[in-house]
There are 2 protein chains.
Amino acid sequence: EQAIIAGVAHDRSEAKITVVGVPDRPGVAAAIFQTIADAQINIDMIVQNVSAAATGLTDISFTLPKAEGKDATNALQRVQKEIGFQSLLFDDTIGKVSLVGAGMRSHPGVSATFFAALAEANVNIEMITTSEIRLSVVVREKDLDNAVRSIHTAFGLDDSNNEAVVYG
Amino acid sequence: EQAIIAGVAHDRSEAKITVVGVPDRPGVAAAIFQTIADAQINIDMIVQNVSAAATGLTDISFTLPKAEGKDATNALQRVQKEIGFQSLLFDDTIGKVSLVGAGMRSHPGVSATFFAALAEANVNIEMITTSEIRLSVVVREKDLDNAVRSIHTAFGLDDSNNEAVVYG
Ligand SMILES: C[C@@H](O)[C@H](N)C(=O)O
Ligand SMILES: C[C@@H](O)[C@H](N)C(=O)O
């Protein structure tokens, strides 16, 4: 089975919020995102990795339009005590870059090549979230253009042609 | 704009590996996933959240077929010193459940409802990764069927009809 690489998407319109030190027990994610929904804030990526065994705490990060950052942090601060998280981080100088394609699950070389392209451009990868059709990373906003160029080069993609690249 | 909820996918065939205490600097993700690619291991989800400011370390988790777990941990152990991560966690009793749809980004109520369904079933959410068309969580394998049932109920989905539910 071949992987298809359709192209590279990038976005500099988003900010990131990290809810730090979230108790890892049922109901907490629900409370956080109900608060966000009640404030009518649109969410793009949500990322949560496993909690630390020692603390029973984890972090939940999500991205959203920059203009909605203040509303989101205000809404979350109001429920901090009730939910029990330690702190909030707000970051509005991120860029998001994604490799868009299909069948990428059975081609581990695709993610290796994607991450190598970022390394080649000396771009630090701050967050990763992937699916079979989309590999997305968060980087510094200032690194976004270099990241996009490097990924285009690594996969032989060219802005001017709209054909997908077959990999594998 | 309305969100479309197409259905719920679930998967109990995967295991999870967490590379713990990964230095947060360019090139590290590339090295980890080149190791995995060289071992010809298929990867599904990759999740990385932001590093701790105090330590400069983060974790990278990924899921893969259970049968490939040993090969993956062996391959990573061989490069532990070179890459510099602290430890590896291997977990083969996970379940993955996903809400599949479209336009979910502009409907924060969708993720709130999804997470609330899991909370309602007393299912702990161990990892989260989302896109506009798919919200995926990792839970205990033993909780998978309860999670799926609860999500069906929360969204008014019915296994017997194949129509998508419109939300919003
Ligand atoms: C951390 C958060 O996801 C929690 N485990 C929950 O289920 O809500
Ligand atoms: C942690 C890892 O993603 C690292 N920041 C890298 O860029 O490779």
Q.
Can you confirm whether I151(B) sits close enough to L99(B) that some side-chain heavy atom of one is under 4.5 Å from a side-chain heavy atom of the other?
A. yes
Q. Looking at F62(A) versus F33(A), is the centre-to-centre ring distance below 6.0 Å?
A. yes
Q) Any salt bridge between E141(B) and K66(B), counting N to O under 4.0 Å? A) yes
Q: Using a cut-off of under 4.5 Å on heavy-atom pairs, state which of I60(A), V138(A), I128(A), V123(A) scores highest against chain B.
A: I128(A)
Q: Among residues two or more places apart or on two chains, list those pairs meeting side-chain hydrogen bond (donor to acceptor under 3.5 Å, both in side chains) that have a residue in residues 20-29 of chain B.
A: N124(A)-D24(B), D24(B)-S51(B)
Q) Does any heavy atom of chain A fall under 4.5 Å from the side chain of I32(B), the backbone, both, or neither of them? A) neither
Q: Kindly give the cluster partners of V20(A), where membership spreads through any ILVMFWY side chain lying under 4.5 Å from a current member.
A: L89(A)
**Q.** Residue V47(A) versus chain B: region with a heavy atom under 4.5 Å
**A.** both
(Q) Let's test your reading of the structure: which of A52(B), A31(B), S61(B) forms the most heavy-atom pairs below 4.5 Å with chain A? (A) S61(B)
Q) What residue in L64(A), V50(A), D59(A) has the most heavy-atom pairs under 4.5 Å with chain B? A) V50(A)
**Q.** Option in L118(A), N122(A), I36(A) with maximal non-hydrogen atom pairs under 4.5 Å from chain B
**A.** N122(A)
Q: Name the option with the most non-hydrogen atom pairs under 4.5 Å to chain A; the candidates are T129(B), V28(B), N49(B).
A: N49(B)
Q. Highest number of heavy-atom pairs under 4.5 Å with chain B: which of M45(A), Q48(A), M127(A), Q40(A)?
A. Q48(A)
Q) If you count heavy-atom pairs under 4.5 Å between each of M104(B), E126(B), Q34(B) and chain A, which one has the most? A) E126(B)
Q. Do you know which of V137(A), I43(A), T113(A) has the most heavy-atom pairs under 4.5 Å to chain B?
A. I43(A)
(Q) Between R12(A) and D145(A), does any side-chain N to carboxylate O distance fall below 4.0 Å? (A) yes
Q) In terms of heavy-atom proximity below 4.5 Å to chain B, should T18(A) be classed as side chain, backbone, both, or neither? A) side chain
Q | Among the listed options S111(B), A29(B), A119(B), the residue most often paired with chain A at heavy-atom distances under 4.5 Å | A | A29(B)
Q: Could you check which of T130(A), N42(A), I41(A) has the highest count of heavy-atom pairs closer than 4.5 Å to chain B?
A: T130(A)
Q) Any salt bridge between D91(B) and R140(B), counting N to O under 4.0 Å? A) yes
(Q) My understanding is that only one of T58(A), L76(A), T73(A) makes a side-chain contact (heavy atoms from CB on, under 4.5 Å) with V19(A); could you say which? (A) L76(A)
Q: Would you check if H10(B) and K96(B) make a side-chain contact, meaning some heavy-atom pair closer than 4.5 Å?
A: no
Q: Pick one of side chain, backbone, both or neither for L135(A), based on which atoms fall under 4.5 Å of a heavy atom in chain B.
A: neither
